[in-house]
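What follows is one structure encoded as structure tokens, with my remarks underneath.
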Amino acid sequence: MLQKPRGTRDFLPDEMEARRAVEGKLRDVARRWGYREVCTPVFEDLELFTMRSGEGIIEEMYVFEDKGGRKLALRPEITAAVIRMYINEAKVAPKPLRWCYFADCFRYERPQKGRYRQFWQFGVELIGADTAAADAETIMLASDMLNATGVTYELKVGHLSFMKNLVKDLEPAMQRRVRAHLDKKDFDGLNATLESLNRTDLAVSLTALVNTRDLAEAFEIAGTIQEKVRFEQTIGSLDAAGVNYSLNFGIARGLDYYTGMVFEGFAQNLGAENQILGGGTYRLAHLFGGDDVASCGFAIGFDRVMVSLGDITPAIVPVVGIVCTSEGRTRALLVAKAFRDAGIRTEMDLMERGLGAQLAHAAKTANFAIVIGQRETESGQVTIKNLATAEQKTVDPAAAIAEVRAFGPR
RNA sequence: GCCAGGGUGGGGUAGUUGGUCAUCCUAGAGGAUUGUGGAUCCUCCGACCCGGGUUCGAAUCUCGGCCCUGGCCCCA
């Protein structure tokens with residue numbers, strides 16, 4: 001038997017309804033903040049993704065050649081594509097641009113809990129605003145969105161300049177190595193690296209920086225950074241807005257991509273793959289041939305949010321099963337249409353079953369049965385049966401529709 | 001790429017000193033029951049992950065692969 005490709009998943013209707021419900025909550029928050037949805041191709045030129053990250057990431061991508069010999073890749077993330085799109089299509093749009101997306105990405109990695117080869121990201125990009133207010137808005141939006149899903153999480157906010165300031169005297173390659181150690185909280189490796197450079201003094205201050213949760217203390221350790229005022233304003237806005245976060249200056253977020261403020265969200269009940277959100281300020285546009293534009297954004301790991309939320313009780317929506325005899329069948333079609341026009345999920349028998357069997361099936365799949373036989377056809381009414389309580393009565397179709405609608409939210 | 005555990009009908013399972021038609025529950029279809037459902041009974045449907053090896057004979061032993069679950073690595 002054919003199997004689905006490794007690391008992919010099938011979603012049955014129950015699960016899709018749960019996913020759509022959460023997606024809808026994220027969408028709704030983004031909409032209320034003014035972020036409008038964009039969509040980019042599932043595959044792009046390979047170069048779009050290797051440009052800023054090097055050839056190494058090809059190992060983790062789905063790369064292929066099309067019939068015209070073009071080297072393409074399934075998108076491993078969306079931000080690069082959105083910025084490419086901005087340069088191609090929207091360079092002259094009034095700033096700032098508030099965009100969001102919900103899309104699947106592909107990475108060739110070993111699957112495990114919360115990590116799949118096809119996975120969905122809900123992200124936002126705020127393009128063209130280079131201010132503390134912009135930085136604060138993305139964090140507030142991230143917080144709002146995660147709150148809307150109901151997931152339990154921890155939000156960490158930091159700034160790359162603190163760490164950069166401390167290691168600015170090191171060779172670029174060494175800076176990168178130190179930041180990699182810090183990102184992984186690998187203090188043994190950090191100490192070894194700094195010892196080999198005769199800079200054990202840095203080990204002390206870097207460790208202190210990573211451990212502090214206090215802004216004033218961070219400035220003491222790292223010295224004044226150029227973006228001091230902006231970051232203080234950003235933090236001030238978060239406090240004023242009542243955002244629940246903690247400061248963390250150990251966030252390195254994958255090296256060269258981000259330029260300043262960075263933030264990450266972690267779910268509490270996941271395993272090794274517990275990061276559910278990542279973002280910050282960045283500059284990418286110039287890499288793709290555009291003018292240099294400051295941007296800020298984040299992406300939510302949608303699948304991890306779903307794993308963290310666990311089983312979701314689906315919203316109760318009334319379902320109507322039309323039960324009819326052969327005499328009532330023609331009229332049943334019209335009644336079914338009336339129910340559907342009223343927005344009610346309505347299903348008819350397709351198996352040519354008898355009345356009893358139709359009712360038995362309706363009892364498993366619906367909340368109400370609408371019985372239409374010869375008697376109802378002659379009287380112009382329908383018999384509505386509440387399948388949970390077994391109560392039934394014969395009324396006009398309009399009254400039956402009203403009763404179903406009163407059952408619960410559609 | 002590495003490590004550990006696992007893979008028997010759609011779901012859940014029993015079954016090895018190797019030996020009849022592979023067990024049971026559930027789900028699904030039909031019937032007992034042609035205008036009233038979830039009970040009961042009956043019938044049907046449907047599986048040993050794939051391939052090689054050992055053997056008269058493999059779900060069982062063995063090797064390789066694939067896939068699943070979790071951990072490592074990585075995570076733009």
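Since the model is a prediction, treat every value here as computed from it, not as a measurement. A note on names: the letters A, B, ... follow the listed sequences, proteins ahead of strands, and every chain is numbered from 1.
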Separation of the C1' atoms in B:G19 and B:A59, to the nearest angstrom: 13 Å

Strand partner of B:A27, provided both Watson-Crick or wobble distances fall under 3.5 Å: none

Side chains of A:P397 and A:R331 in contact at under 4.5 Å (non-hydrogen atoms): yes

Mate of B:U55 where both pairing distances stay under 3.5 Å, Watson-Crick or G-U: none

Sugar-phosphate only, base, or nothing, as touched by A:R9 at under 4.0 Å among non-hydrogen atoms: nothing

Nearest atoms (heavy-atom pairs only) where A:M85 meets A:T40: SD-CG2, 3.8 Å

Test side-chain contact (heavy atoms from CB on, under 4.5 Å) applied to A:R353 - qualifying residues, sequence neighbours left out: A:D349, A:M351, A:A357, A:Q358, A:H361

Closest contact, heavy atoms only, A:F119 versus A:R107: CZ-NE, 3.5 Å

A:M174 side chain near A:R199 side chain, heavy-atom distance below 4.5 Å: no

Value rounded to 0.5 Å, distance of SG in A:C105 from OH in A:Y116: 15.0 Å

Sugar-phosphate only, base, or nothing, as touched by A:E327 at under 4.0 Å among non-hydrogen atoms: nothing

P gap between B:U36 and B:C25, integer Å: 30 Å

Proximity to RNA chain B (any heavy atom under 4.0 Å), residues of residues 362-375 of chain A only: A:A363, A:K364, A:V371, A:G373, A:Q374, A:R375

Base-pairing mate for B:A39 - Watson-Crick or G-U, with both contacts under 3.5 Å: none

Report all interatomic pairs (protein N or O, nucleotide N or O of nucleotides 69-73 of chain B) with separations under 3.5 Å.
from, atom 1, to, atom 2, distance (Å)
B:G70, OP2, A:K113, N, 3.1
B:G70, O6, A:R110, NH2, 3.1
B:G71, OP1, A:A272, N, 3.2
B:G71, OP2, A:Q112, OE1, 3.4
B:C73, N4, A:Q112, NE2, 3.1
B:C73, N4, A:R115, NH1, 3.2
B:C73, N4, A:R115, NH2, 2.8

Short N-O contact, A:D130 and A:R230, less than 4.0 angstrom: yes

Atom-pair distance (CG on A:D10; P on B:C68), nearest Å: 11 Å

Any strand: nucleotide that pairs with B:C75 via Watson-Crick or wobble, under 3.5 Å: none

A:E125 side chain near A:T79 side chain, heavy-atom distance below 4.5 Å: yes

